[in-house]
Amino acid sequence: PIGRHSTNSGSVVDVAVAADFIHTLQDLGTAFASAGGGHIVISAGSTGKLYAQIHAGAPYDVLLAADVSTPRLLVKQGLGVAASRFTYARGRIALWSRSPRRVDNKGLVLRNGKFRHLAIANPKTAPYGAAAREVLQHLGLWQTLRTRIVRGDDIGQTFQFAASGNAGLAFVALAQLKDPAFPASGSYWIVPQKLYAPIDQQAVLLERARNNAAAIAFVKFLHSHRARTIIRRYGYNVD
Amino acid sequence: MSDIDAHLVLRRGEFVLDATFQTPARGITALFGPSGCGKSTLLHCIAGLEPAVRGTLRVNDELWQDSELHVFVPAHRRRVGYVFQDAGMLAHLSVRGNLEYGMRRARRARSGPAFAQTVEWAGIGPLLGRRVQGLSGGERSRVAMACALLTDPVMLLMDEPLAALDARSRAEMLPYLERLHSELSIPVLYVSHAIDEVARLADHLISLEPGRVVACGALREMLTRLDLPFARSDEAAAILDAVVTGYDEQFQLALLAFPGGRLAIPQRRLPAGTAVRVRILARDVSLSLAHHHDTSILNIFPARVLDITEDRPAQAVVRLDAAGAVFLARVTRRSVHSLGLKPDAEIYAQIKSVALLR
Amino acid sequence: MSDIDAHLVLRRGEFVLDATFQTPARGITALFGPSGCGKSTLLHCIAGLEPAVRGTLRVNDELWQDSELHVFVPAHRRRVGYVFQDAGMLAHLSVRGNLEYGMRRARRARSGPAFAQTVEWAGIGPLLGRRVQGLSGGERSRVAMACALLTDPVMLLMDEPLAALDARSRAEMLPYLERLHSELSIPVLYVSHAIDEVARLADHLISLEPGRVVACGALREMLTRLDLPFARSDEAAAILDAVVTGYDEQFQLALLAFPGGRLAIPQRRLPAGTAVRVRILARDVSLSLAHHHDTSILNIFPARVLDITEDRPAQAVVRLDAAGAVFLARVTRRSVHSLGLKPDAEIYAQIKSVALLR
Amino acid sequence: MNALAIDFTPVWLTLRLALTSTAILLIIGTPVAWWLARTSSFCKLPVESIVALPLVLPPTVLGFYLLIALAPTGPLGRVWHAISGGSLAFSFSGLVIGSVLYSLPFVVQPLQNAFEAIGERPLKVAAMLGAGPVDRFFTVALPLARRGLVTAITLGFAHTVGEFGVVLMIGGNIPGKTQVLSISIYDHVEALEYGRAHVLSAGLLAFSFLVLFVVHLTNRRLQARGL
Amino acid sequence: MNALAIDFTPVWLTLRLALTSTAILLIIGTPVAWWLARTSSFCKLPVESIVALPLVLPPTVLGFYLLIALAPTGPLGRVWHAISGGSLAFSFSGLVIGSVLYSLPFVVQPLQNAFEAIGERPLKVAAMLGAGPVDRFFTVALPLARRGLVTAITLGFAHTVGEFGVVLMIGGNIPGKTQVLSISIYDHVEALEYGRAHVLSAGLLAFSFLVLFVVHLTNRRLQARGL
Ligand SMILES: Nc1ncnc2c1ncn2[C@@H]1O[C@H](COP(=O)(O)OP(=O)(O)OP(=O)(O)O)[C@@H](O)[C@H]1O
Ligand SMILES: Nc1ncnc2c1ncn2[C@@H]1O[C@H](COP(=O)(O)OP(=O)(O)OP(=O)(O)O)[C@@H](O)[C@H]1O
Ligand SMILES: [Mg+2]
Ligand SMILES: [Mg+2]
C-alpha cells in the first residue's frame, strides 16, 4: 500500500483511534510532541470502521483500538506488527444519570428506580456495550430491562441519549465522565470491575509503519510513565 | 332587463384595457377589432380569469364583479363556456375525457343524447379516443367548442373559434352556431376578425380599438354607419328583414318580400310567412339607371340614394334607401360620375347575391 | 430543372399520410385541403421534423431524404423557414431574442437593415422587448413570420400564417407575402384554408384529401377545373393575365387589356406595359344579353359560353371564353333558363369587381 | 446459529417506516410544494431555503439536534408528551418524524418544479369547465405533475430506506422496534460480519430495485395512456 | 486551548468537495438525464432504477463497498493506480467519487423531469431556426430546464455538504485531507464537545442557507427575465 501522505514525513504519525479515547490521545499527543517526539495526526472512528479502512490500505501508522480482537486480527492478517501489540488502557464503565443524586453508589437505581430508558452502547459492535450487557446479566436484570434498553451506536451516542434527557440512565465510559475538558454533572456509579470482563484496549503498530521511526517512538511513548499518568487521569486503568 | 354590463380596467405591461360596454344578455354579440387590441384579454376578464382586473361586471342581473364592493365571483362559479383562442384543452385527458370533464361539472346533468348530439355536430366522433396533442388545428377548435357547449353554460365566450377551420367545416358549423342563441337561449360573446362571419352570426357588435371600446350596438346599425370601419371595409354589408312569400319549385328559389321589393334567393323550401334575415354585401350591389331584364341578376329594385362617401381613391360607398330599408353599394367614383349619382337620385339596385342569415 | 419532388409516407395512429407530388421550386405553392387532411403533417415531413417518415424528397436537386438510400438531411441543415400553425416560438427568449436566434444561425449573416426592415414589415417594433407569452394571437403569427424570414431560408413553409390576423393586418401583410417570391426568389409552401388567400398568393396548388394528394398543378388551371372543388366553391375564381395600357387620372383607375377585352380597376398608378395578374371571382360575374351602358359595372365584354355545370340545386357555374381567356360565372339556374344560356351562346359578361394580384 | 441466518424483523420495520414516511412526506410535501409553486409572497425564498436545509447537516448531527428537540424536556417532546402521554425518542413515531424531516426536500423540490412547469393555462381551462380550486388541484394539477410525483416518491422512499444516521440517533436501535434494515446492515459491517452484511445489502438492493422498477413502470404506463 | 476554538481546514475542504462534486455531478448527470428523458430504449427503465439505487444503501454501507472497490486491490483502485500511480481511497479524489455516486440521483432525477417537461416542440422550433442538436441542447433545452437545474444544484450541493457516511468510510477522517465539515461536527458531537458542534452546525446552516438563498434568488431573477 502506498500512502502519498506520510511516507517520508518522518516526524508525523497518523494515529487511528477509537472514539472514546480521542481526548486522551490529544493530551498524549501534546505530551509526545513536547517530549520531542513528533506530531501526531488523529483520525477517529469506530474500531470496526477503522479495521475496514486499514484493510483497504488506509494511511494509518498506529491503531489504538477499543478492543483486543481487532489488533489481534490485524496481526494475524499481516497488517499489524505482532511485537508492537499491547494493552494501552483498560476501560471502565459507569452508570450515569444527568440528574444529581439519581444514581446511588451501588447501582440500586437499576433495580428499583423509575426510568423509561436505559442507554447502553451496541453490545454487538462496541466493547463498552458488551461490558454493559455483562453487568446487567450479572445483576440478573438483562431480561427484565430488555424492553427499556436503547442502544447507541457507540459510547458517544450512548452518552448523548442520556445527556439529552431522552434516556434516564446510561452505561457510559468512565473516561467520558472524567474528561477534564468537559466534566459531567449529575450522578454516577462506577461499576465494580468484577461485574464485567476487562475492557482491554490494545494498540498496534501497523505494517506500513514497521520502519517509521516516529511511529515506533510513539508506540514506545505509550508505554512510558508519563503517558500512563495521562491515561489514568481519564479514568482508565493501566497495568 | 337582462344585460351584460361591463366596466373593466386592466393593466398588463404597457397595454391598458379600459372597456365599458353594455350589450343584451341574449343573442350573439361580436367583439371586433384589430390584432392586439385586447379582445382575448377582455374575454379573460369577463370569464374571471384575470384576478387583477378592476371595475364592475354584471351579467343577467347577477353581480360578477365589483372591485369597490370587493365582489369577485370566482371563474368556475360563473359557469361560462370558454373556447380559447388556441383551443386550450386538458393535455392529460383524451378528447372524450375533456368533453366529459366539463359535462360532469355542469349545473344540470346533461343527458347522453346531448353528448351524442354535440359530438355529431362538431364532427368529432372518430376523435373521441384520441389524445388531444395529436389533433390538427381544426380538430382542436371543434373539440374545444364541443367542450364549452357541454358544460351547460349560462354564457358562451368564443375566441375566434372558426379561424382554424377550412371553408367546408366552417360552413358546416356556422348554421349550428346560428341556432345556438335560439335553442340554447344563452348569450354568446364572439370574437372574430372576419366581418362576414360577424355579419352572419351576430346580433350585436362591440367594436374595439387598442385598449378601448369605440362603439357598441345592434349589428344592423353598426354595419351601415359610415363613421365606423365596417361600412368602409371590403366586407361591408347591410342586413334586411324579409318575409318568405313563396317558393319557385322549378328553380328552387325562395321568394322573399321586404318593404323595398322582392328577392329570389337559392334556398331550400321555407314555409311561407317565415321571417328571415338577409345580408347584402355592398360589393354585390351594382346600380343602373334603367331596369334591365336580360341579365342574370335576379334581384333588381328601385332605390333612392341617401348619401355617397368617397372613402377610397377610386371608390365610393353609396347608401341607398329602398322604401325604408337601408343598404350599401360599393361602386367606382367613375360610375358615380358617369351615372350622375347624387343624394335623392332614383336608380335601380342590382343585387348579384343575397345571403340568407336565418 | 429545380423542383420539389416528394413521395412521403407516414403513419400516425390511424391516420396515414401518403403524399406524392411535384411542384416547381419557385413561387408560392398552396397546400389546400379540409381540416385534418394532413397539411401540417406534410409540412413537418418536408421540414425533416418527422424522423419516422419514409419515402423520398428532393428539393432544388438536393436529396433531402431517401429512405432506401438511408439519406436523411437533419432538420436544421435543410435551412427551411417554418411558420408553425400555432406560431411556435422559444418561450425563454424575448421577441427580439427569437428573431436574433434564427438570424445568427442563418447561412449568410443578415444585415442590420434586413432586421429593421422585417420588423417594420411585420409591424412588431413595439413588441421587440416583450416576452413571447404575452403576445396576442395575431402578434404571435407576425413575430413567427419575421423569425422564419430572418433565418435566410432556402424554402419557406407557412402553416396558415394569416389565420389569426384581422382583415387589416392581413391586408397589410399580403402584399409583402406576394413580393416574397420575386424578391427572395425562394419557394414557399403555403398552407391555407382560405381560397381567396390561395388565389391571391399562390402560383401552384396542391389539393389534399385526407391523407393524400388529389391534384397538383398550376393555380390557374386548378381553379377553373370543374372536377375540383375550387370551381364549385363560393370563392371560385379565375385568374387572367393582362397588361397595363393606361391610367385614368381623374378616377384613379388602371386600364388593363387582356385578349378578351379591357378592364378598369381601382388602383394606384402602374407604368404602362406592366404585366399584371387579376383575379375574377365567379360570384362577381353576371351575364346579360345586351351591353348596358347605364350601370355602375365598369367591366363588360363579350364572351362565349363554354359549358354549364349545374352543381347546386338552384345554381350553376358557367365557364366562359373571352377570346381565349377562360373564366367562370356563378348564376342561378333560373337565369340560365330565362337567358337561354347554352354552350356557344354569345353573351356579355358584367364583372362587378376585379382584384389585381400583382 | 448459521453465520448467514437473517432476522427479518428489520425488513418489515424498514418497509413500514418507508411507506409511512413516504405517505406523510406526500401529505405534507404536496401542499408545501403547491404553495411554493404558486405564491409570489416574499416568504417564498426563505421557505424554499429552509426546506432544503436539513440536507446540509450530517444525519447524525441532525439526529442529535432532533434528540434534543424530542426529549421530554425539549419543545417537541413536551408537546407530544402532553398529547399522547408517550415519548417520541426511541419510538416509531420519532423515527417517522426524523425521516420525514430529513427527506422533505427530496419530495418538495421535484413536486414544486412539476407544479411550476404546469403553468396557469390548464388550470384556467379547468376552471372554465367548472372545476373549483380543490377539484382543479386533484384532477388537473396532480395528474399533470405526475412525473414530479413519481420522482418525489422514488427519492423519498429510497432515501428513507437508506437513511440511517438520523434513525440510529433518535431510534435507539431497539430490535423489533426501531432497528431498521439500514442499521442492521451497518451493525454487521461494524461487527465485521461482512458475510451477513453482503447478503442483507444484496437483498435490500434487489428489493429496492424492484420497487423503483415498479414505480417507473407504472409511471410509463400512465404516461403512455395520459400525458 | 479555547473550548470553542475552531479549525477552519474542514470548512475549506468541504467547500472544495461540494463545489467539485456538484460540478462533476452536473457534467455527468446532465447527459445521463438528457438521454433518459429522450430515449425510448428498453434500457431506460433499468438505468433509471440503477441511478436511484445508491440511495437505498445506508451511506456507511455504500462507503464500505466503495472502500472495497477503491482499495488498491479493488477493481477501481487498481485501474486508478495504474493510471495515476496514486491511491483512490483516503484521497480527495476518492471522496469526490463517493459523493458523486451517492448524490447522482438528486441531480439526474430533477434534470430528467425538467428535460421531459420541455417536450419536442421548442426543439423543433429551434431546429427550424437553424440550430443543430448540440446548439439546441445548450441554447434551448438547458435554459428551459433551468428550474430543474437549480433543483439539481441545490440538492446535489446540499447533499454533498451534509453527506458524511460515505465520506467517513472512504476518506478515513484524516484532518486536512479528508476530514470534511460534516465529519468534524460529528466528531465533536461524539467527543461530547457540544459547544463546538453547535457553533460549527450553526455556521454550516447559515452558510448553506446563504448559498441556497443565492441560488434561489438567481433563479428568480432569471425567471423574471426569461421563463
Ligand atoms: N404580459 C403582458 N405585457 C404586456 N403586454 C401584454 C401582456 N399580455 C398581453 N399584452 C398585450 O395586450 C394586448 C391585447 O392582447 P390580446 O391577446 O387581448 O389581443 P387580441 O385582441 O386578442 O388580439 P388577436 O386578435 O391578435 O388575438 C396585446 O397588445 C398584447 O401584446
Ligand atoms: N398521434 C396521432 N395519432 C393519430 N392521429 C394523429 C396523430 N397526430 C395527428 N393525427 C391526425 O393526423 C391528421 C392530420 O393532422 P394535421 O395536423 O396534419 O391536419 P391539417 O391538415 O393540418 O388540419 P388543420 O387544417 O385542421 O390544421 C389529423 O386527422 C390528426 O387527427
Ligand atoms: Mg386574441
Ligand atoms: Mg394544420
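Small disclaimer: the values here were computed from a predicted structure and weren't measured. Reminder, nothing fancy here: chain letters follow the sequence lines and each chain counts from 1.
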What are the two closest non-hydrogen atoms of [X] and [Y], and how far apart are they?
X	Y	value
L49(B)	A127(D)	CD2-CB, 4.4 Å
F84(B)	M128(D)	CZ-CG, 3.8 Å
R121(D)	D86(B)	NH1-OD2, 2.7 Å

If we only count heavy atoms from C-beta on, is the [X] to [Y] side-chain gap below 4.5 Å?
X	Y	answer
H76(B)	P133(D)	yes
Y101(B)	D135(D)	yes
Y82(B)	L129(D)	no

H92(B) side chain to L142(D) backbone, donor-acceptor under 3.5 Å: no
